[in-house]
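Right, one structure below, let's go through it.
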Amino acid sequence: MQAAVDLHTHSTASDGTKSPLELVREAEAIGLGALAITDHDTMAGVLEVLDAGFSFDINFLTGLEISARPPDDFNRGDELHILGYGMDPGDPGIAVLLDRLQDARRTRNPLMIRRLQAMGMDISLDEVAAKAHGGLVGRPHMAKVLMEKGLVSDMDTAFMRYLGKGCPAYIEKYREPWEDAIAAIRRAGGIAVLAHPGLIPGIGSRGLRLLLGMMKEAGLGGVETYYPKHDAQMVSTLKGLASELDLLLTGGSDYHGDFKDDISIGTGAGDLFVPYGVYTELLNRLEKG
Ligand code: AMP
Ligand code: ZN
Ligand code: FE
Ligand code: FE
């Protein structure tokens, strides 16, 4: 059988529960042909793998998932996720962009914790940070503490009652303007890809056509097509748009370890299959520059 790849995974550098090297070993163990680690707003996990200094049986691609601000007239939520692949991890432009996003998280986290405390909850920033294993702290780590303390029954409830947008502990976070995110990825030698467009609330094929067309003009190189929450119709819509707009197709599980316990690396919710050709086409495009 043709090998599968997984080009969307999270490590302990952001809100996954497996270390970067554990991800690589797990991907090798299940026979994946290629892996990308795409942590939110950091490449620290990617660097950890590259710095490990030994070779793997699997093709490893540098990756990133940037929290981006959508176009001004976009009325389908306030965040787009933009994936980057093949960037030079030492690129100074990417470093500046990531510093900005990381600083913003460091400002936001204590404000959210203070709101939870003001609601009478026994929770501290130290406890939350401990869940991040030295990585970037985000809302999933807060949800985990609330759950372990029995203050909510599960992660979803934590988001629905307290941490989700519009909920009492929610604080906006800085997002990089979408065009700047794409430009920074490209300047670092990478390819920018719109992540999981099927998750954009209420967006139809017309909306996707407009969004992808506009993003392509600004340098977008691909669209994440194979994704656990994309049904067959979404996959077919995205394949059509990718061919019309000359965008690459990518895909991955969005594995987060225990933070998303219904999603496995490689196979997603059980039936994900991202063909190896997705990786080779991405690589070809990267080599052409
Ligand atoms: P943050 O980047 O800190 O705002 O946290 C957002 C992250 O929380 C997303 O990238 C998801 O991984 C995660 N998330 C969002 N909603 C939920 C949910 N209902 N249950 C579990 N995790 C969630
Ligand atoms: Zn996440
Ligand atoms: Fe995402
Ligand atoms: Fe993700």
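Counting starts at 1 for both ligands and their atoms, following the listed order. On a predicted model such as this, the values are computed, not experimentally measured, just so you know.
With respect to atom 20 (N) of ligand 1, the closest heavy atom belonging to the protein is Asp156 OD1, 3.3 Å. If you check which protein heavy atom lies closest to atom 11 (C) of ligand 1, you get Asp15 OD2, 4.2 Å. From the protein, the heavy atom lying nearest to atom 8 (O) of ligand 1 is Pro140 CG, 3.3 Å. With respect to atom 6 (C) of ligand 1, the closest heavy atom belonging to the protein is Arg139 NH2, 3.5 Å. The shortest contact between atom 22 (N) of ligand 1 and any protein heavy atom is with Phe159 CE1, 3.4 Å.
For the residue pair Pro197 and Glu224, the shortest heavy atom distance occurs at CD-O, 3.2 Å. Residue Gly84 comes nearest to Ile185 through the heavy atom pair CA-CD1, 3.7 Å, listed as atom of the first residue, atom of the second, then distance.
Residues Met112 and Met119 share a single hydrophobic cluster, defined by chaining ILVMFWY side chains whose heavy atoms lie under 4.5 Å apart. Taken together through direct or relayed side-chain contacts under 4.5 Å among Ile, Leu, Val, Met, Phe, Trp and Tyr, Ile82 and Leu199 form parts of separate hydrophobic clusters.
Side-chain contact, Tyr227 with Asp254: a donor N or O sits under 3.5 Å from an acceptor N or O. For the residue pair Asp6 and Tyr279, no side-chain donor N or O sits within less than 3.5 Å of a side-chain acceptor on the partner.
Not a single N or O atom of His81, backbone or side chain, sits closer than 3.5 Å to an N or O atom of ligand 1.
Residues Asp91 and Arg187 are not paired through a salt bridge, judged by the lack of any N-O separation under 4.0 Å between the basic side chain and the carboxylate. By the 4.0 Å N-to-carboxylate-O rule, Glu79 lies close enough to Lys173 to be salt-bridged with it.
Residue contact check: Gly138 has heavy atoms under 4.0 Å from atoms 3 (O) of ligand 1.
A 6.0 Å sphere centred on CZ of Arg186 holds no more than 12 heavy atoms belonging to other residues, nucleotides or ligands.
Among the candidates Leu194, Leu249, Leu212, the single residue satisfying the side chain to side chain contact (heavy atoms under 4.5 Å, CB included) test with Leu238 is Leu212.
With a cut-off of 2.8 Å, the Fe ion (ligand 3) has an N, O or S atom of His196 in range.
The proximity of Met160 to ligand 1, defined as any non-hydrogen pair under 4.0 Å, does not occur for either the backbone or the side chain. Only the side chain of His256 comes within 4.0 Å of ligand 1, counting heavy atoms alone; its backbone N, CA, C and O stay farther away. Counting heavy atoms under 4.0 Å from ligand 1, residue Arg108 touches it through the side chain alone.
The Fe ion (ligand 4) lies closest to atom OD1 when only the N/O/S atoms of Asp254 are considered. His81 has its closest N, O or S atom to the Fe ion (ligand 3) at the position named ND1. Residue-level check: among N/O/S atoms of Glu65, OE1 sits closest to the Fe ion (ligand 4).
Note on ligand 1: Arg105 sits in its first shell, one or more heavy atoms being nearer than 4.0 Å.
Geometry note: the Fe ion (ligand 4) is the vertex, His10 NE2 and His8 NE2 are the arms, and the angle is 100° (rounded to 10 degrees).
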